[in-house]
Amino acid sequence: MSSKNSGLQRGLEERHITLMSLGAAIGVGLFLGSASAIELAGPGILLAYALGGLVIFFIMRALGEMAIKNPVAGSFSRYANNYIGPLAGYITGWNYWFLWVVTCMAEITAVGIYMEFWFPGTPRWLWALGALIIMTAVNFLAVKAYGELEFWFALIKIVTIVLMIIVGAGMIFFGLGNGGAATGLSNLTAHGGFFPNGISGVLMSLQMVMFAYLGVEMIGVTAGEVKNPKKSLSRAIDSVFWRILIFYVGSLTVIMSIYPWDKIGEEGSPFVLTFEKIGIPGAAGIINFVVLTAALSSCNSGIFSTGRMLFNLAQQGEAPKSYGMVNKSGVPSTAVLVSAGALLIGVCLNYLVPEQVFAWVTSIATFGAIWTWATILISQMKFRKSLSPQELSKMEYKMPFYPFSSYISLAFLAVVIALMAYFPNTRIALIVGPIWIIMLVCFFYGKGFHRRKNSSSIKAEISVD
């Protein structure tokens, strides 16, 4: 689908989509969720992030194979529709909308938590509502202006993490800011060993680890609005994986080397603790500002994603036609407003159950993400089978170790789902998630979508500007 036909504008450049996907993935999962993950696994959390990162790499390469050949808005929903079937495409599109709505609930919840630092005693729901209004307004900018704003938004937290890694490494190896006494890496093994809670602790942390990676697949959603998709998407996909792995594994290695892991969950954000340990004045306020922008940035990306997915569903006739309309700036304004309206539920949850809301929404979002990632892998396997030997030989961008990497990744996702069922605090996701899927299936057949011809065949309709 060309941008002319769709109404969307190809205003995003490679640097925009790279930073947007990084911005989506480096949010509360790292800044807020890492504390609870460290509490469960100790230094062994590094293994969990590395394993999760490898699986995400395979999923992103699988998405890249299809997105570079067929760059369309709402990519994996279209691919599921074309290669698995209309029901899969319908569920995947609406499920991705749902998971980002829930993820944004986590982000605006985090905004409320962070604002308590400066304004203790004020209700969280008030800050959550303010964040929602501001981020919705930002999403009405033309896509190029939006991409530019998100680029700088994401850059704030990325620069902070890089500085922390550099300065922290100076303390670890040269005693920088610690009176010349190098702290070394002893804290990684000094408090119960590298796996203080055993492998079970690492397994328990996988849900929060995979929630932290949620957002990297957003590169596929931007495919309909990116300039030179073939070049930009391949570079962005490969670079995002390595950068996220460095940011997550690198930053947490520094944090747990400087500060005993068993004290992190008790005394606040691991990032604030580390900057205070380094000796930076006003560290708590600085880091609180950074993590606040991180939450806003991720929420910003989420509203972008949900709006584009509703737009795509409307284009396929699986959502109201009004969701497929764009304003003069090329923004699917109705779809953005509907998504923002759904996020008001998050504001209500912050009012009703402020203490439980973060754990609930992160686990539900992880279920939605696993469905999306599994669909990407299955679509890619079907996509491969649809190609002739000549087409396969001409593919410039391929998933490594196919098909073993696809099967291994699917098995890993199944393990995470099983673990979520095992632990009580994440079990709610396996109640809410399947109910949502069943509702979608009922609606699909109830509206008679199964009787339509698959008129949205990707192969027939796509042209790239």
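As the structure is a prediction and not an experimental result, all values here were calculated from the model.
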Quiz item: Between the side chain of Trp261 and the main-chain N/O of Ile38, is any donor-acceptor distance below 3.5 Å?
Solution: no
Non-hydrogen side-chain atoms of Met399 and Met66 separated by less than 4.5 Å: no
Looking only at heavy atoms, the pair that brings Ala48 and Leu206 closest together is CB-CD2, 4.0 Å
Exercise. Should the pair Tyr213 and Tyr248 be assigned to parallel (<30°), tilted (30 to 60°) or perpendicular (>60°) ring geometry?
Worked result: tilted
- Task: Show your reasoning for whether side chain to side chain contact (heavy atoms under 4.5 Å, CB included) applies to Met164 and Val290.
- Result: CA-CA 12 Å; Met164 193 202 72; Val290 171; over 6 Å; no
*For Leu99 and Trp436, run side chain to side chain contact (heavy atoms under 4.5 Å, CB included): C-alpha distance rounded to whole Å, both residues' side-chain angles, the deciding distance at 0.1 Å, then the answer.*
CA-CA 11 Å; Leu99 88 86; Trp436 171 246; over 6 Å; no
Scanning both residues in full, the closest heavy-atom pair of Ala41 with Pro196 reads O-CD, 3.7 Å
Task: Flag side-chain contact, heavy atom, 4.5 Å: Met420 against Thr366 - done: yes
Closest heavy-atom pair, Val111 versus Ala131, reported as atoms and distance to 0.1 Å, is CG1-CB, 3.9 Å
* **Non-hydrogen side-chain atoms of Pro434 and Phe367 separated by less than 4.5 Å** => yes
For Phe194 and Pro43 the tightest heavy-atom approach is CZ-O, 3.4 Å
Here the pair of heavy atoms bringing Ser379 nearest to Ala80 is OG-CA, 3.5 Å
Does atom CZ (Phe195) have a neighbourhood of more than 12 heavy atoms from anything else shown, all under 6.0 Å?
yes
Task: Sub-4.5 Å side-chain heavy-atom contact between Pro332 and Tyr323 - done: no
Sub-3.5 Å donor-acceptor pair from the side chain of Thr306 to the main-chain atoms of Val101, do we have one? no
Review point. Are Arg61 and Tyr402 close enough, and set up right, to give a side chain to side chain contact (heavy atoms under 4.5 Å, CB included), and what steps lead you there?
Key: CA-CA 10 Å; Arg61 288 295 295 241; Tyr402 177 84; over 6 Å; no
- Any side-chain heavy atom of Ile45 within less than 4.5 Å of one from Met256? yes
For Glu39 and Asn197 the tightest heavy-atom approach is O-ND2, 3.5 Å
Parallel, tilted or perpendicular: rings of Tyr96 and Trp100 (30°, 60°):
perpendicular
CD1 (Ile165) and CD1 (Ile255) are apart, to the nearest 0.5 Å, by 9.0 Å
*Any side-chain heavy atom of Val432 within less than 4.5 Å of one from Phe98?*
yes
| said: Donor-acceptor pair, distance only, cut-off 3.5 Å: does the side chain of Arg427 make one with the backbone of Tyr422? | reply: yes
Review point. Is it true that Phe119 and Trp127 have ring centroids separated by less than 6.0 Å?
Key: yes
For this session: State whether the side chain of Ser257 and the backbone N or O of Thr253 hold a donor-acceptor pair below 3.5 Å, judged by distance alone.
Result: yes
Is there a side-chain contact between Val55 and Leu51 in this structure, where contact means two heavy atoms from C-beta onward sitting under 4.5 Å apart?
no
task = Answer yes or no: is there a side-chain heavy-atom contact under 4.5 Å between Ser405 and Phe57?
result = no
| message | With side chain to side chain contact (heavy atoms under 4.5 Å, CB included) as the criterion, how do Val254 and Met171 come out once you've worked through the C-alpha distance, each side chain's angles and the decisive distance to 0.1 Å? | response | CA-CA 9 Å; Val254 168; Met171 178 182 284; over 6 Å; no
